[in-house]
Structure formats: C-alpha cells, structure tokens
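Numbered from 1 within each chain, the chains take letters A, B, ... in sequence-line order. Just so it is clear, the model here is predicted, and its values are computed rather than measured.
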There are 2 protein chains.
Amino acid sequence: MRIHEVSELKTLERSVEQNTESQRKAVLDILKDVKEKGDKALFQYTEKFDGVPLDTLEVTNKEIDEAVASLDPSMVDIISEAARNIREYHEKQKHESWFFTREDGTLLGQKITPLDSVGVYVPGGTAAYPSSVLMGVIPAAVAGVKEIVLVSPPGKDGKLPAAVLTAASIAGVKRMFKIGGAQAIGALAYGTETVPKTDKIVGPGNIYVALAKREVFGVCDIDMIAGPSEIAVLADETANPRFIAADLLSQAEHDPRSAVFLVTTSAELADKVAAEVEAQLSRLPRKDIAIQAIKDYGAIYLVKSLSEGADVINKIAPEHLEIMTKDPISLLGKIKHAGAIFLGEYSSEPVGDYFAGSNHVLPTSGTARFSSPLNVDDFTKKSSVIRYSEQAIKENGRKISAFARLEGLEAHARAIDLRLEDK
Amino acid sequence: MRIHEVSELKTLERSVEQNTESQRKAVLDILKDVKEKGDKALFQYTEKFDGVPLDTLEVTNKEIDEAVASLDPSMVDIISEAARNIREYHEKQKHESWFFTREDGTLLGQKITPLDSVGVYVPGGTAAYPSSVLMGVIPAAVAGVKEIVLVSPPGKDGKLPAAVLTAASIAGVKRMFKIGGAQAIGALAYGTETVPKTDKIVGPGNIYVALAKREVFGVCDIDMIAGPSEIAVLADETANPRFIAADLLSQAEHDPRSAVFLVTTSAELADKVAAEVEAQLSRLPRKDIAIQAIKDYGAIYLVKSLSEGADVINKIAPEHLEIMTKDPISLLGKIKHAGAIFLGEYSSEPVGDYFAGSNHVLPTSGTARFSSPLNVDDFTKKSSVIRYSEQAIKENGRKISAFARLEGLEAHARAIDLRLEDK
C-alpha cells in the first residue's frame with residue numbers, strides 16, 4: 001500500500017454512475033420482458049444467464065428441509081445465534097406511532113405501519129451469503145412485514161445454496177424463488193404468475209441488479225444502489241498493525257474494486273501496516289482479488305492529528321470505519337459520515353458482518369453522506385394524522401383560506417370558507 | 001362524478017413510469033451539460049426554458065428584503081404562524097442516538113447525524129408556492145441541516161415570487177437560486193461554480209424534474225418521485241356533502257391528472273356529493289383543470305360497510321384521505337396506506353396543506369404503500385456503532401470465523417482468528 005499526502009485524497013467515484021448505456025438497455029429489455037411475459041421470461045433468463053433450465057421457480061419445503069439437514073449442526077447453531085443478535089439490535093430501532101394535542105381540540109400525529117410485502121435479493125454467483133439473508137430479512141420481520149419473499153440466482157445444479165436456504169428458514173422466510181439478476185428485480189416489482197409483487201426490494205447485487213433497482217424505483221421502493229465495499233481505519237501509534245492489515249484485507253478480498261484506507265498519525269504504523277498487508281496478502285486464497293483492490297483503491301494517508309484524521313474520514317464517508325486509537329470513543333463526535341463505526345481493537349469489521357447484531361447492508365461509495373445502514377425504519381412508512389377541531393377552524397380558517405388564495409388555489413380556500421359559513 | 005362498483009376499482013397508474021424515452025433523453029442531455037459546463041449551462045437553459053436571460057443566479061439580500069416588504073404584513077404573519085406550527089409538529093419527529101450494552105463489555109448503538117447540505121426544489125410556473133417552501137425547508141432545519149439551498153424557476157421578470165422569497169426567509173434559508181427544471185436538479189447534484197453540491201434534493205416538480213431526480217439518485221439522495229395529487233374521502237350517511245364536494249375540488253384544481261375519490265356506504269350521500277361537485281365546479285376559477293380531473297380520474301365507490309370502504313382506501317393508497325363518518329378515529333386502525341389521514345368534518349385537506357403543522361409533501365400515485373410524508377428522518381442518517389469487547393471476541397470469535405469460512409471469505413475469518421491467537 002502506498003502512503004499519500006492528504007491533499008491527494010479523492011472521493012470514491014465507483015458508483016452506479018459508471019454503467020454503460022448498453023447495460024441499461026439490456027436491463028430495460030429484461031424488465032419489459034418480465035412485465036409482459038411473467039414467469040415465461042423468468043424461466044428463459046434463468047436458463048440464459050444462470051445456465052440452468054428450471055421446472056419450477058419456487059423453492060419447495062423439501063428442498064429447505066434437505067438444506068438444513070445437510071449443514072453441520074454447529075453451523076446451524078451459529079447462524080441461529082447470529083440471527084438472535086441481529087434481532088435484538090433491530091428491535092431497538094422500532095418506533096411507535098405518536099400524537100400530540102392542542103387545547104383547541106386539535107390532534108396531530110404520525111401513524112407507523114409496516115410495509116405489506118418486501119423482496120430480499122441475495123447475491124449468488126461464486127459464493128453463498130447466508131449472512132446477507134439474515135441482514136435483509138430480520139429488519140423486515142422486526143418491522144412487522146407480513147410477506148417477505150427471498151430471491152437468489154440458482155447454481156448450475158438448479159438449487160440455492162444450503163446455507164442460504166437454512167438462513168432464510170431461520171429468519172422466518174416463507175417464500176423463496178430461484179431467480180437472480182435484473183429479471184428477479186422485475187419479478188418483485190411487477191409480480192408474475194408465481195412471484196408476488198412487492199412494495200420494496202432490498203439487498204445488494206451486481207451492476208444489472210443495481211440498474212434494475214434504479215429503474216423500478218417509484219413502482220416500488222428500493223433500499224439503495226449498492227457498490228463495492230470499503231473500509232477505512234483511523235489509527236494512532238497505539239494500534240496493532242497486524243490487526244489493521246487483516247481488517248483491510250477482509251474488505252479487499254470482496255471485490256477488485258473494494259477500497260481500503262488507513263488514516264494515521266503515525267508514520268511508523270503506516271510502514272508496519274504496509275509491510276503486514278504484503279505479508280498477509282501472499283497467504284490469502286482470494287489474493288488475486290485483494291491485490292487488485294489494494295493496488296487500485298488502497299491508500300494510506302498520514303495526518304497531523306486525529307482531528308484532521310476525522311476530517312479525512314468524513315471526506316471519504318466510508319462504508320466501514322474502524323477507530324483504533326488510545327481512546328476511540330472520544331472521536332465518535334467528530335465522525336459525521338460512515339456507515340458503521342467500529343471502536344477499538346477487538347471490533348474487527350467481520351464482527352459486524354456476521355455476529356454482533358448491527359446490519360451489514362451499509363451505504364457504499366461515499367453515500368454514507370446521506371444514507372443509512374439497512375434498518376427497521378426502511379420497512380415501515382408513516383402516515384400523518386390530522387384531527388382539526390371546530391374551534392381551530394373558527395380561529396384559523398380565515399388565515400388558511402388567505403394562504404390558499406395567495407397561491408391562487410381558490411377551491412382550497414373555499415373548502416375552508418364553507419366550514420366558516422356553515423357555522 | 002360517476003358512481004362505480006368496487007369491482008371496477010383500478011390502481012393509480014399515473015406515475016413517473018409514463019414518461020417517454022425522448023423526455024428521458026432530454027433530461028440526460030441537460031444533466032450532462034450542467035455537470036460539464038456548470039453555471040454557463042444554467043444560464044443557457046434558464047433563458048431557453050424560463051424565457052429570461054439572467055445576470056446572476058443567486059437571489060440577493062436586497063431582493064429578499066423587497067419581497068418581504070411587498071407582501072401584506074398580515075400575510076407575512078400568517079406565513080410565520082404556519083411556519084411555527086410546522087416546526088412544532090416536526091420537532092416531535094426527532095430521534096436521538098442510542099446504544100445498549102451487553103454484560104461482556106459489548107456496546108452497540110446507532111448514531112443519528114443531520115445531513116450536511118440539502119437542496120429544496122420549489123415549483124414555479126403559473127403559481128407561487130410559499131407553502132412548499134415551508135414544507136421542504138423546515139424539516140431539514142429541524143433535523144439540523146446546516147446548508148439549506150432553495151431553487152425555483154424565475155418568472156419572465158427574472159425574479160422569484162415575493163411570497164416564495166418571504167417564506168424562504170421566514171424558514172431560515174440562506175441561499176436561494178433562480179433555477180428550475182432538470183438543470184436545477186443537476187446543479188444541486190453535481191454542484192456548479194455558484195450552486196453548492198448538496199447531499200439530498202427534495203420537493204415536487206414536473207416530469208422533467210422527476211426524471212432528473214431519478215437519474216441523480218445515488219449521486220445524492222432524493223425524497224420521492226412526485227406525481228399528481230389525489231384525495232379520497234371515506235364517508236357515511238352523517239357526512240356533509242357540501243364539505244366533501246369542496247374538498248374533492250380542492251385537489252381537482254391542482255392538475256388535470258389529479259384523482260378524486262369518494263368511498264361511501266350511503267347512496268344518498270353519493271348522489272348529493274355528485275350534484276354538489278357539479279354546482280361548486282361551475283363557479284371555480286380553475287374549473288377547466290378541475291373538470292378534466294373529475295372526468296378522467298374522479299370516481300365514487302359505493303361500499304356495503306365502512307370496513308369494506310377501508311379496504312378500498314388501502315387499495316387506492318391515496319395521498320390524502322379524509323374520514324368523514326360518525327366515529328372517524330375508530331377507522332384509523334384499518335387504514336394501512338395513506339399519506340395523510342384527516343379525521344372528521346373540520347379536518348379539511350387544505351388545513352394540512354397550509355397550517356396545521358403536518359407536512360404536505362406526501363406520497364402520490366399509490367406510493368403511500370411504501371413511502372412517507374416528508375419528515376425529519378429524511379434529513380438525517382444513521383451510523384451503526386459497534387464496540388466489541390475482548391471477552392466477546394474470546395467467546396464468539398470461533399463462531400464468527402466459522403461463519404466467514406462458510407461464505408468462502410477467508411480474510412474475514414483470519415481477521416478474527418488473529419485476535420484469538422494474539423491473546
């Protein structure tokens with residue numbers, strides 16, 4: 001990893017913006033096909049893109065039972081314990097409906113309602129991601145969503161990975177479908193003969209999934225446009241370089257476009273981390289991916305103070321931030337933009353990916369400036385509640401109709417005036 | 001208004017989906033121009049689309065002072081009082097950062113941070129909308145957003161309406177720009193020499209504004225894709241037909257594509273409302289718009305019970321719902337999908353548009369299924385906070401690395417194992 005001046009800092013420009021018009025065109029065609037032909041299009045695209053002709057799209061109970069039975073029981077226990085931790089954390093995010101009253105008889109409030117139905121996209125391809133299942137499904141379940149539907153692209157054997165099915169079963173998913181890519185997003189947005197139309201689609205995916213989500217936004221809701229992963233570590237001279245290197249590599253192994261940063265006040269630590277990254281990298285199974293990520297998107301920034309370091313972090317707005325300093329919590333107030341903030345040397349990023357309880361679906365590519373981790377609020381919506389009183393209309397009616405007339409909306413004004421006249 | 005069977009109910013298909021590829025192409029070209037040429041593009045498009053050559057884009061303090069002075073002082077008082085009510089309501093929406101601890105030394109929490117900067121779009125054209133200024137700006141200000149920027153298309157005189165500038169001033173906006181359309185959205189998303197780049201863009205606009213917002217989503221955040229307005233009234237035989245007709249017309253006058261619904265258990269009320277709509281319609285200044293809306297998107301549905309009525313309302317998922325029955329609040333639990341719910345005969349929809357305090361930027365076109373009124377949460381974001389302890393790593397480390405290996409992510413596993421080995 002190279003050491004850079006802070007002045008060389010660039011923002012993370014690796015977002016969905018970098019798609020081509022041909023990719024978008026392909027996605028539009030797929031969405032149109034799914035909207036018009038339903039299941040038939042899903043079968044066709046699954047054969048084309050996933051290389052497997054399916055008889056049925058929905059996972060059967062038998063498949064789920066077989067999947068759970070095929071896993072090591074201790075692994076089932078670990079997934080179950082992670083699910084309990086995730087549930088505990090997300091239960092704290094719940095909000096209640098509320099109201100307040102005014103003496104004139106007015107009541108104003110906000111009613112919180114869970115969404116009716118949600119689709120959770122789980123990426124497939126080279127690996128199985130049972131943790132993504134838990135992270136997408138559990139917040140929806142905690143919010144009170146009745147219909148949670150899981151979609152994930154099948155393997156060449158026409159099945160979903162046993163670990164994915166097991167996690168879905170543990171999280172309480174009732175319906176799972178073997179579809180992926182833009183066609184899965186279309187199915188969830190428009191509905192088909194067998195796949196229910198859902199009100200929101202969540203979960204990360206490849207560029208086609210991301211583009212498809214952006215296209216259907218408005219027809220249904222989506223969580224966010226996910227990009228490749230990032231980690232930034234803010235450290236002083238007290239930090240353990242081996243831990244830092246290992247944590248940087250944990251993100252670098254995700255994707256050749258993953259970005260990893262060390263921001264430190266210590267030149268000595270910077271050198272040690274750079275050496276440790278080299279040493280640990282050589283022994284990694286996914287080292288080709290990690291090497292590319294470190295080369296293209298890895299950087300060490302030397303700062304004069306931890307306060308300047310916090311400024312650099314806020315400019316990066318990383319998906320994951322680890323603070324490894326003598327007194328990590330003292331810096332929490334300075335951090336404005338980060339998806340998840342890990343404090344201290346035992347708070348290694350994978351702790352949050354799998355087990356602690358917080359969500360690992362996090363804003364990437366600098367979108368932590370304005371986006372949040374996936375959370376229970378994402379699966380509820382609000383309705384304003386307004387109960388205006390006779391006294392309030394008498395006292396304020398003329399003001400309201402004057403305001404409406406100022407905007408040239410006479411029918412608005414008359415709706416109020418009528419209440420005053422009829423008194 | 002025609003009376004329909006419930007079986008004839010269609011969902012509201014008037015969303016941003018109905019754009020043409022040529023409109024999208026125009027928007028992409030404008031966004032590209034603004035990104036590349038900055039202010040120069042803004043001047044050009046403002047001359048082209050708003051028909052006015054400007055010297056400067058930013059509104060001066062002198063213009064604001066003149067605007068406030070030009071308004072009737074009683075009107076300034078009304079806007080100020082509305083602003084106070086809106087502020088009171090939105091203050092109740094604020095959430096605090098929180099955490100919880102486990103006995104093993106773990107701390108998990110969620111940090112709430114206001115966005116750094118927000119752009120508020122205020123539609124221009126045939127009318128001035130000072131109320132939209134208050135509704136967009138105040139929630140952002142309550143959330144703690146430091147930089148709130150207002151944009152609105154100038155009139156032929158090269159100015160923004162006095163009422164808009166006054167409302168912006170009352171709401172505390174410091175920077176206002178005379179730009180509208182897709183070019184204004186581009187300016188807020190990418191930034192130009194004079195317009196600051198913002199993290200989120202809110203506020204309704206025409207189809208070009210809506211398409212531009214969808215295109216820049218991901219570069220920055222947006223609130224929602226706004227469509228034409230709707231109102232649905234759920235009423236029994238006790239309701240006042242004159243009030244209902246007036247309230248239906250208050251939405252019908254917005255846009256020829258506005259949708260207005262009466263859902264009632266009373267055939268007599270249905271007839272009376274239909275007659276009242278005709279009578280009141282003929283006397284409206286904006287009757288051409290309202291007649292078109294009523295003709296194309298107006299409908300009365302007769303239902304057998306209020307419970308069936310609530311089901312119909314949930315299928316419509318209206319932007320505005322008025323419940324005018326003997327006991328309106330008893331139906332609140334049955335209503336799942338509505339942007340704002342007005343209870344009882346004095347809760348006329350314009351009360352919420354202007355004065356009660358709730359927000360009038362509401363989900364349209366059936367998106368109340370998954371979207372919320374504009375609110376303070378829209379202007380904050382969350383960061384997860386994870387402080388894992390040495391004891392927790394000792395107890396759970398092996399489980400975490402096993403989970404990571406199940407997903408084939410060896411570097412994740414090693415980051416945890418390293419903490420166990422170094423003990």
Go through the atoms of [X] and report whether side chain, backbone, both or neither lie under 4.5 Å from a heavy atom of chain A.
X	answer
Ile79(B)	both
Ser348(B)	both
Asp77(B)	neither
Ile289(B)	neither
Thr113(B)	side chain
Lys111(B)	side chain
Asn375(B)	side chain
Ala413(B)	neither

Examine whether an atom of [X] lies under 4.5 Å from a heavy atom of chain B, and if so say whether it belongs to the side chain, the backbone or both; otherwise answer neither.
X	result
Leu332(A)	both
Leu374(A)	neither
Ala82(A)	side chain
Ser131(A)	both
Leu248(A)	neither
Asp72(A)	neither
His337(A)	both
Arg102(A)	side chain

Side-chain heavy atoms of [X] within contact of [Y], under 4.5 Å:
X	Y	result
Leu115(B)	Arg369(A)	no
Lys381(A)	Ser371(B)	no
Arg414(A)	Arg283(B)	yes
Ser384(B)	Asn359(A)	no
Glu81(A)	Asn396(B)	yes
Glu253(B)	Leu409(A)	yes

Winner by heavy-atom pair count (cut-off under 4.5 Å) against chain B, out of [options]:
options	answer
Lys287(A), Glu88(A), Glu322(A), Glu349(A)	Glu88(A)
Gly357(A), Ser389(A), Gly352(A)	Ser389(A)
Asp353(A), Thr367(A), Ile329(A), Val118(A)	Asp353(A)
Leu108(A), Asp247(A), Leu71(A)	Asp247(A)

When you look at Phe342(B) and Arg387(A), which way does the side chain to side chain contact (heavy atoms under 4.5 Å, CB included) test go after all the steps? CA-CA 6 Å; Phe342(B) 295 79; Arg387(A) 194 263 173 195; over 6 Å; no
Check for me whether Lys92(B) meets the cation-pi criterion with Phe100(A), that is, NZ or CZ under 6.0 Å from the six-membered ring centre and within 45 degrees of the ring axis.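 Yes, a cation-pi geometry.
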Check whether the ring centres of Phe355(A) and Phe403(B) lie less than 6.0 Å apart, and answer yes or no.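 Ring-ring flag for Phe355(A)/Phe403(B): false, centres at least 6.0 Å apart.
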What pair of heavy atoms forms the shortest contact from Ala411(B) to Leu249(A), and how long is it?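 Result for this residue pair: CB-O, 3.6 Å.
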Is any side-chain N of the basic residue among [X] and [Y] closer than 4.0 Å to the acidic one's carboxylate O?
X	Y	result
Arg214(B)	Glu215(A)	yes
Lys382(A)	Asp378(B)	no
Glu345(B)	Arg419(A)	no

Side chain to side chain contact (heavy atoms under 4.5 Å, CB included), that's the test. Do Ile386(B) and Ile341(A) meet it? Break it down for me. CA-CA 6 Å; Ile386(B) 299 109; Ile341(A) 306 167; over 6 Å; no
Glu276(B): side chain to side chain donor-acceptor pair (under 3.5 Å) partners, not counting sequence neighbours: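 So Glu276(B) forms a side chain to side chain donor-acceptor pair (under 3.5 Å) with Gln280(B).
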Applying side-chain contact (heavy atoms from CB on, under 4.5 Å), name anything that partners Pro328(B), two or more places apart in sequence or on another chain.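 Testing Pro328(B) for side-chain contact (heavy atoms from CB on, under 4.5 Å), a comparison that skips the adjacent residues, returns Ile323(B), Thr325(B), Leu343(B).
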Short question: side chain of Ser347(A), backbone of Tyr388(B) - any donor-acceptor pair under 3.5 Å?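 Answer holds: yes.
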Without hydrogens or angle criteria, can the side chains of Tyr346(A) and Gln391(B) be said to hold a donor-acceptor pair below 3.5 Å?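 No, Gln391(B) and Tyr346(A) have no side-chain donor paired with an acceptor closer than 3.5 Å.
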Interface residue of largest heavy-atom contact number with chain A, from Ala338(B), Gly344(B), Gly408(B), under 4.5 Å: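 When all of Ala338(B), Gly344(B), Gly408(B) are compared, Ala338(B) has the most.
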May I ask you to decide if the ring planes of His412(B) and Tyr354(A) are parallel, tilted or perpendicular, using 30° and 60° as cut-offs?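 The rings of His412(B) and Tyr354(A) stand perpendicular, inter-plane angle above 60°.
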